[in-house]
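Take a look at the structure below.
The chains referred to below are lettered A, B, ... by the order of the sequence lines, with proteins before strands, and numbering in each begins at 1. This is a predicted model, so every value here is computed, not measured.
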Amino acid sequence: GENVEQHPSTLSVQEGDSAVIKCTYSDSASNYFPWYKQELGKGPQLIIDIRSNVGEKKDQRIAVTLNKTAKHFSLHITETQPEDSAVYFCAAGTGGFKTIFGAGTRLFVKA
Amino acid sequence: DVKVTQSSRYLVKRTGEKVFLECVQDMDHENMFWYRQDPGLGLRLIYFSYDVKMKEKGDIPEGYSVSREKKERFSLILESASTNQTSMYLCASSKGQSRAEAFFGQGTRLTVV
């Protein structure tokens, strides 16, 4: 069946450095790619999303890139801060109700 | 502020018990979802509902059922809890159109002993 692979599972960076999380998806019909951040004790929260007609999207320190040919997309966080420490999930949706989530990346930002 | 509220943060139940997990949203969303979150497996969809009294199976519906009698409330039912259903359960809701942002509750950590 369809799946989304996410790497790495754990990422540790120094405050101020950049962090990159990568995902690949299998369903070529996917056209919606949200990213969620889950802080300790909370549910996931959408931080940015990208649709298949866009190759890149940026929101302050966060950017996402999409390569539909290769079926992969990435999250880039620049100038990381301790409050960026969380679990990040990528997901791929086909425009209906079904969204497939990656396994998650636990990001640690060391002060 | 948008809100999805799950009735319990932590729950401990015995094997064989019938378990109800309740979720309420105040955003008048059409769609509601139940996910299960396990380490290394991400979020897996159990069931979803796109309207009152409507339900669709997700990827792992076995051992679960759902009920949606009112638009704002979506219940997950474990008919006979088993230890392999020990997990974090997340409820979410979204607007009716496709590719809409999902809003999640804070989660219910269920332990079946």
Side-chain angles (χ1 to χ4, degrees), chain A residues 1-10 21-27 29-54 57 59 64 66 73 75 86-106, chain B residues 1-6 8-10 21 23-25 27 29-51 54-61 66 68 74 88-109:
Chain A
E2 299 90 354
N3 74 307
V4 174
E5 292 190 5
Q6 183 172 347
H7 299 280
S9 56
T10 306
I21 302 170
K22 298 182 178 182
C23 291
T24 59
Y25 60 96
S26 60
D27 188 351
S30 297
N31 56 11
Y32 176 57
F33 306 92
W35 285 87
Y36 287 84
K37 175 184 180 182
Q38 185 177 26
E39 297 176 334
L40 199 62
K42 297 183 180 181
Q45 186 172 8
L46 182 75
I47 54 172
I48 195 167
D49 58 15
I50 191 168
R51 286 160 169 78
S52 61
N53 59 340
V54 175
K57 184 176 178 180
D59 183 4
V64 291
L66 171 64
F73 56 114
L75 176 72
V87 178
Y88 291 82
F89 291 98
C90 65
T94 57
F97 303 108
K98 211 161 180 199
T99 300
I100 309 294
F101 284 82
T105 296
R106 187 173 293 277
Chain B
D1 200 16
V2 297
K3 215 163 185 182
V4 178
T5 303
Q6 295 182 228
S8 304
R9 290 296 299 269
Y10 301 94
L21 302 184
C23 175
V24 176
Q25 51 98 0
M27 297 166 281
H29 283 170
E30 289 78 10
N31 306 325
M32 296 190 75
F33 308 83
W34 275 106
Y35 290 91
R36 174 176 169 160
Q37 182 177 10
D38 298 289
L41 297 177
L43 278 65
R44 293 179 292 167
L45 183 64
I46 304 171
Y47 268 96
F48 68 93
S49 168
Y50 53 87
D51 202 352
M54 306 303 290
K55 60 184 179 184
E56 294 285 343
K57 292 180 179 179
D59 298 313
I60 51 166
V66 290
R68 193 162 180 207
F74 193 35
M88 171 70 83
Y89 290 88
L90 288 164
C91 174
S93 72
S94 69
K95 285 186 181 177
Q97 71 266 29
S98 63
R99 306 190 296 179
E101 176 182 356
F103 293 85
F104 284 85
Q106 79 279 22
T108 296
R109 184 164 294 281

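In this structure, chain A has no heavy atom under 4.5 Å from any part of B:Arg44. For A:Pro34, no part sits under 4.5 Å from any heavy atom of chain B, backbone or side chain. Looking at B:Gln6, neither its backbone nor its side chain comes within 4.5 Å of chain A, counting heavy atoms on both sides. When heavy atoms are compared at a cutoff of 4.5 Å, B:Ala102 approaches chain A by way of both its backbone and its side chain. Heavy atoms closer than 4.5 Å to chain B are found in the side chain of A:Gln38, but not in its backbone. Heavy atoms of B:Leu43 lying under 4.5 Å from chain A belong to its backbone as well as its side chain.
Annotation: the span from B:Phe104 atom CZ to A:Leu46 atom CG amounts to 9.5 Å, rounded to 0.5 Å. Rounding to the nearest 0.5 angstrom, the gap separating the CZ atom in B:Phe48 from the OG1 atom in A:Thr99 is 9.5 Å.
Contact between B:Glu101 and A:Tyr36 at its shortest, heavy atoms only, is C-OH, 4.2 Å.
Environment of NZ in A:Lys22: sparse, with no more than 12 heavy atoms of neighbouring residues, nucleotides or ligands closer than 6.0 Å. Applying the 6.0 Å contact sphere to CD of A:Gln45 captures no more than 12 heavy atoms from other residues, nucleotides or ligands.
With respect to chain B, the highest number of heavy-atom pairs below 4.5 Å among A:Ala103, A:Gly43, A:Ser9, A:Pro44 belongs to A:Pro44.
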